[in-house]
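See structure below.
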2 protein chains.
Amino acid sequence: MTILLYDLVGRDTARPFSPHCWKAAMALAHKGLDISTVPTRFLEVPTVEGGVSKLVPVIRDGEKVVADSFAIALYLDEAYPERPTLFSGDGGKAMARFIERWSQLTIHPYVTTAAIMDLHAMQDEANAAYFRQNREQRFGKRLEEVMAARDAGLGAFRASLEPLRSTLAYQPFIGGQSPLFADYIVFGALQWARIASPFRLLDDSDVVAQWFERCLDLHDGLGRKVAAAAAAAA
Amino acid sequence: MTILLYDLVGRDTARPFSPHCWKAAMALAHKGLDISTVPTRFLEVPTVEGGVSKLVPVIRDGEKVVADSFAIALYLDEAYPERPTLFSGDGGKAMARFIERWSQLTIHPYVTTAAIMDLHAMQDEANAAYFRQNREQRFGKRLEEVMAARDAGLGAFRASLEPLRSTLAYQPFIGGQSPLFADYIVFGALQWARIASPFRLLDDSDVVAQWFERCLDLHDGLGRKVAAAAAAAA
């Protein structure tokens, strides 16, 4: 049976960009499950499945509705134990939470800084107005001011990835010899940046960039099916 | 059979202080294995087991000698699979490596800054001279200059623990409902500080401090068998 994935999009429904929805999409592909995506704009999220969550992703699997990417991954591993595991044991479940918190607190703030104007530009008029109002209230400043910290923050951002970079000297994936949900957690954050903004977060020679490329190759190149954001024409 | 643990000490052989040796000691206790410690000073490390490693911990288990705390934990889980697991699956093994890298890159530099003069003061004359020379070469400055950054860095250090703090909102241990080697990795770093220095790294109200107290309670209060460093008498 096909699983529905409510997937955040902007004006272009073929360019889903949410880091959390990408985590869920990769988890579903990892399990080899058939999905059908429901392109969902910011202003439509409150109507998803009767308003089950303030955020996407949300999935519907038959009668079962699950919100939140981590909860979705846990659900999929429990509901489909015969398919490839997303956690590889209880230790992996517990520690994936640490990696989620690290990614959210380390990578997300900088991607927000770097891509916020691009994310705004991806929305249609009504959603752009919502996005600006919501994010300016959250940050207590104009989107343009948020983005002003981008260039000065790049060095510190790259340095903050050192625990991941250092891990990748031991093993090709966060999950070990092959990817687990922990990889998709961090992948989602960088894929969000890749799709929204032409700004280069990582140097090609960075092993983190090389790991990200390996993740883009996974599941028949699922992540590459959406092209990287192009720089605006001169 | 009793396992030998070569454990780093200073003048007082009853105050082992190395973060990495504490990781190994907790891992051995977690497995419920009998151990005998061999108090080892910095200058004695090159003679341990014929010079097998530049660093302790080293363990000898019958004919088997293993160096490096992470390798010791992996060895113990493989050699004693019927005893409580230190990783709880392959995912836990892979992600414990990330937590090790995070701890090493986030906690260790600040503990070094905060406790370096105390660590120096714990050594006898010959080992203190070695420690000063070795560390001053590593850092390219005097120990007193390393420590000068302590007070100014405290706020940033506490903030850097946010991924752990945030994880502990979901679960009592990094390993989930009960501790795994990943907990001992971070515990080792904070225990090193606790034993070496009276400087207070954490506020009592911090959930990280509360988690650390839970870890001190584990295995019949193994971590509490060495008292916290006392402030020098006025």
Side-chain angles (χ1 to χ4, degrees), chain A residues 27 30 68-71 73-74 77 81 84-109 156 158-186 189 207-208 211, chain B residues 27 30 68-71 73-74 77 81 84-109 156 158-186 189 207-208 211:
Chain A
H30 184 100
D68 180 84
S69 62
F70 205 100
L74 291 171
D77 244 25
T85 177
L86 285 160
F87 295 101
S88 198
D90 285 342
K93 274 183 200 169
M95 292 176 233
R97 183 61 80 179
F98 181 90
I99 287 160
E100 185 207 46
R101 303 322 303 155
W102 176 80
S103 180
Q104 191 74 28
L105 291 158
T106 306
I107 306 182
H108 283 235
R158 289 180 175 177
S160 75
L161 300 179
E162 195 58 28
L164 173 56
R165 196 171 288 124
S166 173
T167 298
L168 294 169
Y170 289 88
Q171 54 205 39
F173 291 100
I174 302 171
Q177 292 306 309
S178 56
L180 292 174
F181 187 60
D183 290 273
Y184 306 145
I185 289 170
V186 182
V207 295
V208 175
W211 160 85
Chain B
H30 184 100
D68 179 84
S69 62
F70 205 101
L74 291 170
D77 244 26
T85 178
L86 286 161
F87 295 102
S88 200
D90 285 340
K93 275 183 201 171
M95 291 177 233
R97 181 62 80 180
F98 181 90
I99 288 161
E100 186 207 46
R101 302 321 305 155
W102 176 81
S103 180
Q104 190 74 28
L105 291 158
T106 306
I107 305 183
H108 283 235
R158 290 180 176 178
S160 76
L161 300 178
E162 196 57 30
L164 173 55
R165 196 170 287 123
S166 173
T167 298
L168 294 169
Y170 289 87
Q171 56 205 37
F173 291 99
I174 302 170
Q177 293 305 306
S178 56
L180 292 175
F181 187 61
D183 291 89
Y184 307 146
I185 289 170
V186 183
V207 296
V208 176
W211 159 85

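For A:R97, the side chain to side chain donor-acceptor pair (under 3.5 Å) test picks out A:E100, with sequence neighbours left out. Considering only residues two or more places apart in sequence or on other chains, A:D77 meets the side chain to side chain contact (heavy atoms under 4.5 Å, CB included) condition with A:K31, A:T85, A:L86, A:F87.
Of the two parts of B:E162, the backbone and the side chain both hold a non-hydrogen atom closer than 4.5 Å to a non-hydrogen atom of chain A. Of the two parts of B:L180, only the side chain, counted from C-beta on, holds a non-hydrogen atom closer than 4.5 Å to a non-hydrogen atom of chain A.
Across all their heavy atoms, A:A94 and B:I174 have their closest contact at CB-O, 3.3 Å. Among all heavy-atom pairs drawn from A:R101 and B:S166, the shortest one is NE-OG, 2.6 Å. Minimum interatomic distance between B:A96 and A:M95 (heavy atoms only, all atoms of both residues): N-SD, 3.6 Å.
Here CZ of B:F98 is found 6.0 Å from CZ of A:F98. Values are rounded to the nearest 0.5 Å.
In terms of non-hydrogen atom pairs under 4.5 Å with chain B, the most contact-rich of A:G176, A:G89, A:G92 is A:G92. Looking only at heavy-atom pairs under 4.5 Å with chain B, the residue among A:G175, A:S160, A:G91, A:A169 that has the most is A:G91.
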